[in-house]
There are 2 protein chains.
Amino acid sequence: MINKNSPVPIYHQLLEYIKSKITSGEYPADELIPSEREFSEKFQISRMTVRQALNNLVQEGFVYRQKGKGTFVSRQKVEKRISRLNSYTEEMIERGLKPSSKLIEFEIIKTDSSLANILKITENDPIYKIKRVRLADLKPMSIESIYVSCELAPNLNQTVLEKSFYEYVNSNIPDPIQYADQSIQARLASEEEAKLLEIPPNSPVLSIDRTTYLRSGKVLEHELTVYRADRYKLVHSLFRND
Amino acid sequence: MINKNSPVPIYHQLLEYIKSKITSGEYPADELIPSEREFSEKFQISRMTVRQALNNLVQEGFVYRQKGKGTFVSRQKVEKRISRLNSYTEEMIERGLKPSSKLIEFEIIKTDSSLANILKITENDPIYKIKRVRLADLKPMSIESIYVSCELAPNLNQTVLEKSFYEYVNSNIPDPIQYADQSIQARLASEEEAKLLEIPPNSPVLSIDRTTYLRSGKVLEHELTVYRADRYKLVHSLFRND
DNA sequence: AAGTGGTCTAGACCACGTG
DNA sequence: ACGTGGTCTAGACCACTTC
């Protein structure tokens, strides 16, 4: 069960072990799981190591703890991933569509004051502007304009953009993507947009502005996307934490 | 600075100490803070205790760590950005607008199969159908149709609906509201909608379908809302939990 | 080689909840 | 009185980064 010579940390092995017991139903919801000392004894590991596994599980929402009573399994009915921040590529694959894109613009421009403010960089700093028509099963789905600081994303080029931008970030920037703020509006497509999206003029579109942040708090990118209303529906979940 | 005899845990005292140094600017953004061993030495506490303070600060978004390099101050504290599930009333107050509403329909109908499926009740069970024009600062903002099982929400009447529906639920149903699934689309207003919303025909609208769930897993309500695109912008946050 | 964070140990005392 | 999670110690070795 636990291999002390594995390169995988012990606390992580234990964490996965407990997770599997929960998802398999062996540890049912609202029930006590073994105490820290029991795990410590059973696997011959330090109690502090057990605590590290359990604390991570608390953070992930799998269990909750009560002083003097023990550690309980959470009622995990809600999939957390519903509102997960995904790239276009990931999202389309999830929807069973084949993502691709057509590059419209790829250039380095100087930041204007508004973008500099959003990206939290200095005005006139160079940034990439990348404009693409996003396709799903080879038909236009959206028009996407991305603004990224050149400093943050060196070596960005057209080849990289064939694949997922988020994937590029994961492999090339040590600072991981943490979250994004989005604002969503309905409006009518402009003439140019209608042409690129291959829809009649004055068709409704869903306009989504997204700013993506890294764990350090740095702004990764600002993104303006216009979706065809007849092909795209945004789905998400909201929680009420009283 | 650190009082070992205080009932406040040492790691918490250290956490607050570092927080204050960050907010005061003494530890500037993107800069290294003292190492774990330095804190340990300086305050004569164990390194594990220092780590507990720092790990909490990482969780709260005040600092981030890099193996082999050190602990850095984040550019901005990540607030609890989980977009909360709010009622129309709560949302408008948050936006600084005065919410009100005009009742269009209030009746008890039999569930059709589609609604029965969504509400997880039996077909032909009685449900409330409530249709209202929602106003903000006395001007139309949206048209909202709510479907609620009569069994779940007894004593629902027009007076109750003057106030927040969620407030009514909080006071009258022991099972608390937990989360909602939403789907969001752009489309053009129908003639009737345009009239009620006081906008020109064929104006774009944001169409939001929401299903609200209670902690027990029961469905509280299904809601179809059509927002004026010129007055309403939906804002939310997404997390990437790798 | 020196410093950093990541992991781990084998103990300890505490406050809390339940019998 | 006993078991629980919460806090804390004083060490240790590792992989990583920088010099």
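First the proteins, then the strands, lettered A, B, ... as listed; each starts at 1. Note that the structure is a prediction, hence the values are computed from the model and not measured.
Rounded to whole Å, the distance from CZ on B:F72 to P on D:dT17 is 12 Å. Counting to the nearest Å, the P atom of C:dG17 and the CG atom of A:L32 are 15 Å from each other. Atom CD1 in A:I33 sits roughly 19 Å away from atom P in D:dG3 (whole-Å rounding).
Residue B:T71 has no polar side-chain atom (N or O) positioned under 4.0 Å from OP1 or OP2 of C:dT4. Regarding contacts with the backbone of C:dG5, every side-chain N or O of B:K69 stays at 4.0 angstrom or more from both OP1 and OP2.
Nearest heavy atom pair, residue B:I184 against residue A:L206, reads O-CD2, 3.9 Å.
Looking only at distances, a side-chain donor or acceptor of A:S40 sits under 3.5 Å from a matching main-chain atom of A:I45.
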(Q) Each nucleotide in nucleotides 6-12 of chain D should get exactly one letter: B, S or -. Can you fill that in based on protein heavy atoms under 4.0 Å? (A) BBBBB-B

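For B:Y11, the ring pair (Phe, Tyr, Trp, His ring centres under 6.0 Å) test picks out no residue, with sequence neighbours left out. Applying the ring pair (Phe, Tyr, Trp, His ring centres under 6.0 Å) test to B:F72 and every residue at least two apart in sequence or in another chain returns B:Y64.
Under a 4.0 Å N-O distance rule, the pair B:E91/B:R95 qualifies as a salt bridge.
In this structure, A:I121 and A:E151 have side chains that are not in contact, with every pair of non-hydrogen atoms separated by 4.5 Å or more.
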